[in-house]
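Heavy atoms only: backbone and side chains are in, while hydrogens, waters and symmetry mates are out.
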Amino acid sequence: MARVVHAERFWAELRTVHETAGRPSVRWLLQNLDSGNATVPKSSALASWLAGETAPAQENTQFFMVLAMHLQKEAVQRSDGEYLAHSKERWSELLIRAQLERRKKQGGRPPLKTRVSKPSAGPVLLPPSPDGFTGRTAELHDVLASLEPDASQTYNGQADSTVVASSVAGMGGIGKTALVLMAAHQARDKGWFPGGILFADLRGYNPGASLDAGAVADRFLRALKVKAKDVPSVSEDKCAAWQQELAKLAAQGRPLLAVLDNVRDPGQIEALLPRSPHRVLITSRQKLSTLPARRIDLAPLRSADAVTLLEQALWAGGTGDARTADEPQSARRLADLCGYLPLALRIIAALLRDQPHRTLHDHADDLAEARTRLDGMAYSGNDREGRPLEVRASFELSYRHLTDTQALTFRLLSVVAGPDISTTAARELLDRPDARRVLDDLARACLLDSREAERWAMHDLIHVFASELGHTHAALDQRKDAIQRLHHHYCTMTAAADTHVDTMPGPGDSRFADRNAALAWLDVEHANLIETAVSATALDRSDTATTLAFSLTRYLTHRRSFDDLIRMFTTALTILMENSELHRVGAALGNLGNALREVRRFEDAITAHTQALTIFRQVHDRHNEGGTLTNLGSALLEVRRFEDAITAHTQAVDIATELGDRQPRRQRTNQPRHRPTQGWQVRRGRSRLHPGR
């Protein structure tokens, strides 16, 4: 007897979520689930679902979805996020496949009364519907909404003057073709286009020659059964004949759908665009904003959908591969390393299918190193459209169409360590007053994301690709000079903002109008500044790491971002110790100790303060020695070492008396000075910092 693969998978998923949710009883589920208008099954039927004996019948589908969503919510909470939740679409797919499979095995009709429309009267030239299509629910809805015929529209033999087009734009490998094919197949099933559905790959970015409008028109005319002798030989005449055929179909009330895939620029297809009642779907790596089209910009998949795509690709052919279910954390990590990019996920799945005993954890470890990540995202051969199964090759198709200026900008943007860059910072990096124009060019090519407030970001894998090119062309691009310009911008602006963070009297740096403006800039650039600081050493910019660490101390303390302080000063200390800058080493240790105490790592804080105390005594800096003793005493108090805390505070009081201070002060958490004139007051031994006088 043949295995019921899909039913087994359905029961396995249901059993897993039921057990992870704490195995609520059938009675409890029937009494407590808010089923709304759903048909509630008998207790025996529900028990048989959970036992893996039967699949829910069609009339119980709505109740089952309520059940699945409830169990998932409980499972996620009970497992502290370890359980990998599925989308409603995924549960629906599992259920439908199980129902169909079980009914076919029993010799009955499929339980779902799916409405199957009559096939289109016109020709249908479409590649197969994409396997394992997942997510994209909103985007698919938008595409179908643009394709749906207007029931109120009547045709009197005259074609409407409006071009009804949808343009799907996105980076290479994002899944543009899969989306439009799924929409086209669904439109066919609904019987929306009796005039036919025609598909053409214009190969706009392929290394070989792309198709022009005349070649596509010739192909479409022949598909519409126009006799060869009636097809013109001149490209422009072919396009005119194509429009004539469209007009005939419109007069007959038989709308047609044209799918134009992989378009490079509007000029490639303008002569092909059909007018209402016909529809056209276009995919491109360019925004194509000059076209009269409804544009849909594709982003990477959501994390859960990316894992589902990986799972479905591993399960292709009924392999029963359970690695995503067995290693949910590693599956999420793989999806993250793939940047949630469908092409990358399919390649990784193909590699894993060749190695059924390899763990997802080990494969993720192989991809962890950014410098070699793209090497691990390649599979020999091509996809069914003839394109290489290689992420790097997909990106190269877009890169080779950039101008020299755009290519240089693309490569230099890879030095950005944080999640994005502002237009102002990009001007400094590129040393170009017109930087925004070039950034716009890259955004139109889907190699850069344009965000609000004049900010720009690269997809993770695009960034890796740009970094590869950047290192290859480093000398030609004067990459080190660009890094220096960007780091100088961040360091000077951070130092200027720092003058406003302290609430002490006195004007701050004129680069910022006031304290609110300075804090707003620091909030926006926070992540960029941290990543720039911690990665500066690898770029031979040690001064950036230490300068930013000290300049950001007051701000990060104000925002209570102590983990970031610990990261920065851990990096800065390594640099300062190598350079034997004792005063700055002592100040860095003091700042590190304060941050460690705030995150309750008291023993580590005591160690840092003790090391700082030794240094300040060595260089005879009594001011910072007293402040460090105060900090040390506070940390000792937290671990209930009362005698040691009393000793430290007593010594701090003695130094304050010696120096004429009215009360002991904490070490200043900022750029160190040999003779500091002010510090941090300690009140009630708490870790909250108050500016001293």
Discussion item. Show, in sequence, the C-alpha distance, side-chain angles and deciding distance for Leu522 and Arg559, and conclude whether the side chain to side chain contact (heavy atoms under 4.5 Å, CB included) test is met.
Written reply: CA-CA 10 Å; Leu522 288 167; Arg559 291 297 190 221; over 6 Å; no
Item to complete: Could you check whether the rings of Phe465 and Phe410 sit parallel, tilted or perpendicular, using 30° and 60° as the cut-offs?
Response: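 Tilted, since the angle between the ring planes falls between 30° and 60°.
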Judged by atom type as modelled, is there a donor-acceptor pair below 3.5 Å linking the side chain of [X] to the main-chain atoms of [Y]?
X: Lys176; Y: Met171; answer: yes
X: Thr372; Y: Asp375; answer: no
X: Arg400; Y: Ser398; answer: no
X: Thr283; Y: Asn262; answer: yes
X: His473; Y: Arg411; answer: no
X: Arg373; Y: Leu367; answer: yes
X: Thr409; Y: Thr405; answer: yes

Worksheet item: Where do Val416 and Met458 land on the side chain to side chain contact (heavy atoms under 4.5 Å, CB included) test, with the steps shown first?
Response: CA-CA 10 Å; Val416 177; Met458 275 184 173; over 6 Å; no
Taking all heavy atoms of [X] and all of [Y], pick out the closest pair and write down the distance.
X: Phe220; Y: Ala258; result: CE1-CB, 4.3 Å
X: Asp297; Y: Arg295; result: OD1-NE, 3.1 Å
X: Ala184; Y: Leu126; result: CB-CD1, 3.8 Å
X: Ser129; Y: His185; result: N-NE2, 3.2 Å
X: Gln268; Y: Arg264; result: OE1-N, 2.9 Å
X: Glu270; Y: Leu291; result: CG-CD2, 4.1 Å

Measure the [atom1]-[atom2] distance between [X] and [Y] for me, rounded to the nearest 0.5 Å.
X: Leu345; Y: Tyr340; atom1: CG; atom2: OH; value: 10.0 Å
X: Leu198; Y: Leu272; atom1: CG; atom2: CG; value: 11.0 Å
X: Cys239; Y: Asp212; atom1: SG; atom2: CG; value: 7.5 Å
X: Met568; Y: Thr532; atom1: CE; atom2: OG1; value: 11.0 Å
X: Leu256; Y: His278; atom1: CG; atom2: NE2; value: 6.5 Å
X: Leu442; Y: Leu413; atom1: CG; atom2: CG; value: 6.5 Å

Worksheet item: Do Arg294 and Ser146 have side-chain N/O donor and acceptor atoms under 3.5 Å apart?
Response: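 On atom types as modelled, these side chains do not qualify, holding no pair under 3.5 Å.
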Discussion item. What I want to check is whether the side chains of Asp523 and Tyr555 have a donor and an acceptor closer together than 3.5 Å.
Written reply: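 Yes.
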Between the side chains of [Y] and [X], is the shortest nitrogen-to-carboxylate-oxygen separation below 4.0 Å, so that they form an ion pair?
X: Asp440; Y: Arg436; value: yes
X: Arg444; Y: Asp441; value: yes
X: Arg222; Y: Asp218; value: yes
X: Asp477; Y: Arg479; value: no

Discussion item. Is it the case that over 12 heavy atoms from other parts of the model lie below 6.0 angstrom from the CG atom of Asp404?
Written reply: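 At most 12 heavy atoms, drawn from other residues, nucleotides or ligands, come within 6.0 Å of this atom.
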Worksheet item: Around atom NE2 of His488, are there more than 12 heavy atoms of other residues, nucleotides or ligands at under 6.0 Å?
Response: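 Not more than 12 within 6.0 Å, no.
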Worksheet item: Residues in salt bridge (Lys or Arg N to Asp or Glu O under 4.0 Å) with Glu525, at least two apart?
Response: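 Scan of Glu525 (salt bridge (Lys or Arg N to Asp or Glu O under 4.0 Å), adjacent residues dropped) gives Arg455.
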Practice prompt. Check the pair Glu245 / Leu249 against side chain to side chain contact (heavy atoms under 4.5 Å, CB included), numbers first and verdict last.
Written response: CA-CA 6 Å; Glu245 289 298 317; Leu249 290 172; 5.6 Å; no
Any side-chain heavy atom of [X] within less than 4.5 Å of one from [Y]?
X: Ile348; Y: Leu337; answer: no
X: Glu390; Y: Glu396; answer: no
X: Gln484; Y: Asp543; answer: no
X: Leu343; Y: Ser394; answer: yes
X: Leu334; Y: Leu352; answer: yes
X: Arg567; Y: Glu531; answer: yes
X: Leu469; Y: Ser414; answer: no
X: Val216; Y: Ile269; answer: no

Worksheet item: Between Val259, Ile296, Ile282, Leu147, which is the residue that forms a side chain to side chain contact (heavy atoms under 4.5 Å, CB included) with Val180?
Response: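 With Val180 as partner, Val259, Ile296, Ile282, Leu147 yield a single side chain to side chain contact (heavy atoms under 4.5 Å, CB included), made by Val259.
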Worksheet entry | Trace of the side chain to side chain contact (heavy atoms under 4.5 Å, CB included) decision for Tyr399 with Leu402 | CA-CA 6 Å; Tyr399 174 75; Leu402 299 178; 3.8 Å; yes
Worksheet item: Would Asp201 and Arg203 satisfy salt bridge (Lys or Arg N to Asp or Glu O under 4.0 Å), going step by step from the backbone distance to the final call?
Response: CA-CA 5 Å; Asp201 180 357; Arg203 302 198 295 268; over 6 Å; no
